[in-house]
Student: 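Here's a structure for you.
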Amino acid sequence: GGSVVAGARGTLARTRRRSREVSRCFVWCPCGAAVCAMAGYWEIPEGTDCARKAWITGRLGAALGLIGSAYHIILIPPESAFKAVQTAATSTVTMATLGAVFGLTTCLSAQIREDPEDALNYFIGGCASGIALGVRTHSYVTGSSACVGLGLLAAFTKIGKREGWRIGPPKL
């Protein structure tokens, strides 16, 4: 009896917490892009809840793809509205896929390697996303260079998060 009530309270508390996170995102960043898409990612322990991590990184990829396609459509106007929608859909789906591949690969690598906090897991996830991009573009050069570039970006992001690096002006 008591464990069922405690479980229900825990679920209700998590739901309220997520609801506050989402509403806080839209209050503090009306654009709703990266900060909101990544809400909750760093709270999930590495190597656990791979589906949720893939969902969160896929959302981030979709948001970035949508923003990128909007800039593309504005800077290089397509011939028709259909072409504009097609460009937006293609970019958004591609970026969402790359994000999901990254999240899933990073999480599975942490589980398989049994070293969840290692930056190499993030390099592997970034590299897998780069390879997926190469497959999408049918280009070995794009895939191999994106593998190295995204892998290094992801590894340095993990190292920076672990070491407390900040992006912005230095504190004087």
Side-chain angles (χ1 to χ4, degrees), residues 14 16-50 52-77 87-88 90-110 113 115-134 136-137 141-172:
R14 279 192 302 277
R16 285 183 183 153
R17 199 169 36 249
R18 283 188 189 139
S19 171
R20 279 195 305 269
E21 286 174 3
V22 170
S23 65
R24 185 177 62 227
C25 279
F26 290 107
V27 169
W28 290 106
C29 64
C31 66
V35 174
C36 295
M38 286 296 286
Y41 180 83
W42 295 109
E43 285 79 31
I44 303 169
E46 299 292 342
T48 63
D49 206 355
C50 294
R52 187 161 167 230
K53 283 206 169 216
W55 170 252
I56 292 170
T57 53
R59 271 191 335 207
L60 175 63
L64 295 175
L66 195 58
I67 291 167
S69 65
Y71 277 105
H72 183 263
I73 291 167
I74 290 168
L75 295 174
I76 306 169
T87 298
T90 302
S91 300
T92 302
V93 168
T94 299
M95 291 299 290
T97 301
L98 296 180
V101 165
F102 170 78
L104 190 60
T105 306
T106 301
C107 186
L108 291 175
S109 174
R113 296 183 61 244
D115 191 2
E117 292 301 320
D118 191 7
L120 182 58
N121 298 325
Y122 277 67
F123 180 86
I124 293 167
C127 186
S129 292
I131 290 169
L133 184 61
R136 168 75 178 87
T137 60
V141 173
T142 299
S144 57
S145 58
C147 169
V148 172
L150 293 176
L152 288 173
L153 177 66
F156 281 126
T157 299
K158 175 63 178 174
I159 293 167
K161 182 73 174 169
R162 188 175 54 213
E163 301 292 325
W165 295 351
R166 288 181 357 103
I167 296 175
K171 289 184 180 179
L172 300 176

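Quick note: numbers below take in every heavy atom, side chains included, and nothing from hydrogens, waters or symmetry partners. These numbers were taken from a predicted model, which means no experiment stands behind them.
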Student: If you apply the rule side-chain contact (heavy atoms from CB on, under 4.5 Å), what do you find for T90 with R136, and how did you get there?
Tutor: CA-CA 11 Å; T90 302; R136 168 75 178 87; 2.8 Å; yes

Student: Going from CG on L133 to OG1 on T94, what distance comes out if it is rounded to the nearest 0.5 angstrom?
Tutor: 8.0 Å

Student: Please round to the nearest 0.5 Å and tell me the distance separating atom CE of M95 and atom CZ of R59.
Tutor: 15.5 Å

Student: Might you work through the side-chain contact (heavy atoms from CB on, under 4.5 Å) test for T105 and S129, ending with a clear yes or no?
Tutor: CA-CA 9 Å; T105 306; S129 292; over 6 Å; no

Student: Do the side chain of T106 and the main chain of G103 share a donor and acceptor less than 3.5 angstrom apart?
Tutor: no

Student: Just how far is it from atom CG of L152 to atom SG of C147, taken to the nearest 0.5 Å?
Tutor: 9.0 Å

Student: Check step by step if side-chain contact (heavy atoms from CB on, under 4.5 Å) holds for L120 and D115.
Tutor: CA-CA 9 Å; L120 182 58; D115 191 2; over 6 Å; no

Student: Give the ring-plane orientation class for Y122 versus Y41, where under 30° counts as parallel, over 60° as perpendicular and anything between as tilted.
Tutor: perpendicular

Student: Out of curiosity, T157 OG1 to I167 CD1, how far, rounded to the nearest 0.5 Å?
Tutor: 7.5 Å

Student: I want to check something: taking the side chain as every heavy atom from C-beta on, are I44 and I56 in contact at a cut-off of under 4.5 Å?
Tutor: yes

Student: Would you give the length of the straight line joining atom CG of D49 to atom CD of E43, rounded to the nearest 0.5 angstrom?
Tutor: 12.5 Å

Student: Can you see which heavy atom on H72 is nearest to which on T87, and at what distance?
Tutor: ND1-CG2, 3.4 Å

Student: What is the minimum heavy-atom distance between A119 and I159, and which atoms define it?
Tutor: CB-CG1, 3.6 Å

Student: Give me the atom names and distance for the closest heavy-atom approach of E46 to P116.
Tutor: CB-O, 3.3 Å

Student: Please name the pair of heavy atoms, one in C50 and one in L104, separated by the smallest distance, quoted to 0.1 Å.
Tutor: CB-CD1, 3.9 Å

Student: Which atom pair, heavy atoms only, marks the closest approach of T92 to A62?
Tutor: CG2-O, 3.6 Å

Student: Passes side-chain contact (heavy atoms from CB on, under 4.5 Å), S69 versus L66? Steps please.
Tutor: CA-CA 5 Å; S69 65; L66 195 58; 4.3 Å; yes

Student: Testing the basics here: between S145 and V141, what is the closest heavy-atom pair and its distance to 0.1 Å?
Tutor: OG-O, 2.8 Å

Student: Nearest 0.5 Å, what's the CG-CZ distance between D118 and R113?
Tutor: 4.5 Å

Student: Please check: side-chain N/O of S91 versus main-chain N/O of A88, any donor-acceptor pairing under 3.5 Å?
Tutor: no

